[in-house]
Enquirer: 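Mind looking over this structure? Questions follow.
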Amino acid sequence: MHLPEAQQVASDFAAGDPVTRCDLLTEAAVRAVEHEEPTGCPVALEELPLGAGGVVSAQVWGQEAQVQLTDDTLFLSRTADGWRVAAAGCEASGQGRYDCLVEGS
């Protein structure tokens, strides 16, 4: 039931400009990005090599989801506002762990 919604948010994030991408991040991810780049979220995201490819696969576990793009891995969380991207620019680093360029905790 939540899988199509999570896939749509991931697609919108991948296709979006930096402002759209910031709107699709969780509040914690926006805070983390703005902590690293005080000029604001859109400027920070514009400088990062985040994926823009299509959705390859997606899995949902309750309030969390992982979406594989052709060129990125996104982690999403279900919030009161719907699905939001909690981490982006993620690459597997072994033993089921990922290193992410954008990550809100």
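Computation of the quantities below employed the complete heavy-atom set of this structure, encompassing side-chain atoms and omitting hydrogens, waters and symmetry-equivalent molecules. These figures come from a predicted structure and were not determined experimentally. One-based numbering along the sequence shown.
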Enquirer: How many angstroms lie between atom CG of L48 and atom CD of E37, to the nearest 0.5 angstrom?
Expert: 9.0 Å
Enquirer: Looking only at non-hydrogen atoms, find the nearest pair between V67 and A58 and report the distance.
Expert: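 In this case the closest contact between V67 and A58 is CG2-CB, 3.9 Å.
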Enquirer: What heavy-atom pair brings V55 and S11 nearest, and what distance separates the two atoms?
Expert: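 In this case the closest contact between V55 and S11 is CG2-OG, 3.3 Å.
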Enquirer: Quick check: closest heavy atoms across S77 and A86, and the distance to 0.1 Å?
Expert: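 Closest pair (atom of S77, atom of A86, distance): OG-CB, 3.7 Å.
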Enquirer: Given R78 and E5, is the salt bridge (charged side-chain N to carboxylate O under 4.0 Å, His left out) satisfied, shown in steps?
Expert: CA-CA 10 Å; R78 188 148 177 80; E5 296 165 6; 3.3 Å; yes
Enquirer: Does either side chain, that of Q68 or that of S57, offer a donor lying less than 3.5 Å from an acceptor on the other one?
Expert: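 No.
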Enquirer: I need the D99 CG to C90 SG distance, nearest 0.5 Å.
Expert: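 These two atoms lie 8.5 Å from each other.
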Enquirer: With a 4.5 Å limit on heavy-atom distance, are the side chains of V30 and T26 in contact?
Expert: no
Enquirer: Any idea which heavy atoms bring A6 and L76 closest together, and the distance?
Expert: O-CD2, 3.5 Å
Enquirer: Calculate, to the nearest 0.5 Å, the distance between atoms CD and CD belonging to E47 and E36 respectively.
Expert: 11.5 Å
Enquirer: To the nearest 0.5 angstrom, please state how far the CD atom of Q7 sits from the CD atom of Q59.
Expert: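 Reported to 0.5 Å precision, the distance equals 11.0 Å.
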Enquirer: When rounded to the nearest 0.5 angstrom, what is the spacing between CD in E34 and CG in L25?
Expert: 9.5 Å
Enquirer: Strictly by modelled atom types, are D17 and T20 linked by a side-chain donor-acceptor pair under 3.5 Å?
Expert: yes
Enquirer: Say you draw a straight line from CG of L24 to CD of Q8; how long is it, rounded to the nearest 0.5 Å?
Expert: 10.0 Å
Enquirer: Do E103 and Y98 meet the criterion of a side-chain donor-acceptor pair at a distance under 3.5 Å?
Expert: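 No donor-acceptor contact under 3.5 Å links the two side chains.
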